[in-house]
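Because the structure is a prediction, the values reported are computed rather than measured. A, B, ... follow the sequence lines: proteins, then strands. Residue 1 opens every chain.
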There are 2 protein chains.
Amino acid sequence: MSQQRTGHEAGITGRVGAVTPSAVLGSQPDFPDLPEATVARLPEYLRALHHLAETGHDTVSSEGLALAAGVNSAKLRKDLSHLGSYGTRGVGYDIEPLVGQIEYILGLNKRRAVALVGVGNLGHALAGYAGFASRGFRIAALFDADLTRVGELINGIAVRHIGDIPEVVKSEAISIAVLATPAGAAQAVADQLVAAGVTSILNFAPVVLNLPEQVDVRKVDLAVELQILSFHEHRKSARGAEQAKAVARGAELAKAVARGAVNGSPAATLGEVAA
Amino acid sequence: MSQQRTGHEAGITGRVGAVTPSAVLGSQPDFPDLPEATVARLPEYLRALHHLAETGHDTVSSEGLALAAGVNSAKLRKDLSHLGSYGTRGVGYDIEPLVGQIEYILGLNKRRAVALVGVGNLGHALAGYAGFASRGFRIAALFDADLTRVGELINGIAVRHIGDIPEVVKSEAISIAVLATPAGAAQAVADQLVAAGVTSILNFAPVVLNLPEQVDVRKVDLAVELQILSFHEHRKSARGAEQAKAVARGAELAKAVARGAVNGSPAATLGEVAA
DNA sequence: GTATGTGAAATGATTCACAGCG
DNA sequence: CGCTGTGAATCATTTCACATAC
């Protein structure tokens, strides 16, 4: 539980970029095949490294960086080993070149233009979210279907009508879009974005999008996150009740073990009950 | 890529509720041990089932539900099999009892009270997010450190000062909190929430929280999501370039194979280059 | 006949534990 | 001597494929 869950967790598997010509010839040193799980952690390492750099550090041990990023050090070392070697044995990692390498891998050298569709409640907040700007992205366009919102300025950007998507996505060379529309509109808007040339979508609408293979979709569903926590709350209270009942059962179990009526090592069994 | 990524993805492992007395005696039929990966998908199944019910369905096949939830049918069947049997061979699943069972497991029978801390840009939007209310949660309290915001009404709820956390969390019996504070304040606020009795936190601040074992933390970092997409964009363009170069190399490779200078089955190797 | 439920196999991710480098 | 980098072992998850029940 100390190892914090980070948005998308289960279900993904596999190595990024499997069968391509470079698989035949060995992957490029400047663009290694990374396990998807590793990719998902790199941004967290990057954030931690920036923080360390700001607080005056030049190097950091795997132990130290792991602590700052909320993972264990073995995992961190394995992850970083996929990027090539940026550490010095007996010392640790040089922060600056490591930051550079992670930013390069994540494609953050150039600031990426992002379109945001749906400036309702949530979309409006996302349009103003400072974290996007400070961590490599530029909101290059805002869209909404509602004509009464078109023209509104948010953070200095004018909201345009979704009919302008094809034109603007092309002229601004936008490849990433954030979808914050109502659920009912999401699929149609996503189709338009993809038709216009968008190849990655961050979807906040609570629907599963049906899109071509080559489009990357990540989904953030705020209610889902709470429901997962709710499960754990439910479990904690159920276990609490269990535990209480188990205390009573403990005596029974001990007697049963003594009679040899329960399988397994009596010591281990009792140990577990006690724990 | 068709299999959509859902927030938290990698890093978590293990079965929920491992060593407890009930592990010795076998887990309770009404509260099975579920793989964490399964738990993370249940909310998605639930959403899909509600949608199906609203559109007039009584039953659904594993294939149909899997499609609606964005997973494959084998995974869906395995997941549902952990809940006990709610399907009929040759027919499919009865939607109504299945909805009931998933809601029960997720602890959504009773509407859970949630506290939200930090009513800035993002927090304000979250406080108004209709999805929380419609999917099992009630925002029971809003807090902020900024005294000029205290008293402000958002969606009919007054913002209170974070100093009131202990009192309100107790009186409202709140166990889940949403953290939407600036990064710098998050750890201190989280400590206060936990001290007041909160045992699950959904953290939107870009920091790793350090909290006791028994507190569940999920993290949603919006910039991280975009950075993961950015990686895939970077990879796609790198592969594009690779592919172009590989076409040129193709001729070379074919010659090399003909000369017997490359290992492996020539047919397979050429097949991969062609693909 | 048809679609679920599930062992078994395959794949992927994490952790261990230590060789080897600085 | 300390800490990285990494094979080997373990653990979790996904997928396959089919017996089973309706």
Among the nucleotides D/dC16, C/dC16, C/dG7, whichever has the atom closest to the side chain of B/Lys78 is C/dG7

Calculate the interatomic distance between B/His82 atom NE2 and C/dT6 atom P; express it in whole Å.
9 Å

Round to a whole Å and report the spacing from CG of A/Leu76 to C1' of D/dT4.
11 Å

According to salt bridge (charged side-chain N to carboxylate O under 4.0 Å, His left out), does anything in residues 77-86 of chain B pair up with another residue at least two apart or in another chain? List the pairs.
B/Arg41-B/Asp79

Produce the list of close N/O pairs, under 3.5 Å, pairing protein atoms with atoms of nucleotides 2-5 of chain C; give distances to one decimal.
residue : atom : partner : partner atom : Å
C/dA3   : O4'  : B/Gly90 : N            : 3.1
C/dT4   : OP1  : B/Ser62 : N            : 2.4
C/dT4   : OP1  : B/Ser62 : OG           : 3.4
C/dT4   : OP2  : B/Ser62 : OG           : 2.5
C/dT4   : O2   : B/Arg89 : NH1          : 3.1
C/dG5   : OP1  : B/Ser85 : OG           : 2.5
C/dG5   : OP1  : B/Gly87 : N            : 3.2
C/dG5   : OP2  : B/Tyr93 : OH           : 2.8
C/dG5   : O4'  : B/Arg89 : NH2          : 3.1
C/dG5   : N7   : B/Arg77 : NE           : 2.9
C/dG5   : O6   : B/Arg77 : NH2          : 3.1

Euclidean distance, atom CG of residue A/Leu34 to atom C1' of C/dA13 [Å, nearest integer]
14 Å

Can you name the ring pair (Phe, Tyr, Trp, His ring centres under 6.0 Å) partners of B/Phe231, sequence neighbours left out?
A/Phe31

In whole angstrom, give the distance that lies between atom NZ of A/Lys75 and atom P of D/dG5.
18 Å

For the pair made of CG in A/Leu83 and C1' in D/dG5, what is the distance, rounded to whole Å?
13 Å

Roughly how many Å is it from CG in A/Leu98 to P in D/dT4, rounded to a whole number?
11 Å

Can a donor-acceptor pair be found, under 3.5 Å and without considering hydrogens, that links the side chain of A/Ser175 to the backbone of A/Thr199?
no

Atom CZ of B/Arg41 and atom C1' of D/dT15: how far apart are they, to the nearest Å?
12 Å

Counting just side-chain N and O atoms, does B/Asn72 come under 4.0 Å of either OP1 or OP2 of D/dT15?
yes

In whole Å, what is the span from the CG atom of B/Asp79 to the P atom of C/dT6?
13 Å

For B/Glu63, give me all partners under side-chain contact (heavy atoms from CB on, under 4.5 Å), at least two apart in sequence or on another chain.
B/Ser61, B/Ser73

Taking only residues two or more places apart in sequence or in another chain, which ones pass ring pair (Phe, Tyr, Trp, His ring centres under 6.0 Å) with A/Tyr86?
none

Which residues satisfy the salt bridge (charged side-chain N to carboxylate O under 4.0 Å, His left out) test with A/Arg47, sequence neighbours excluded?
A/Glu44

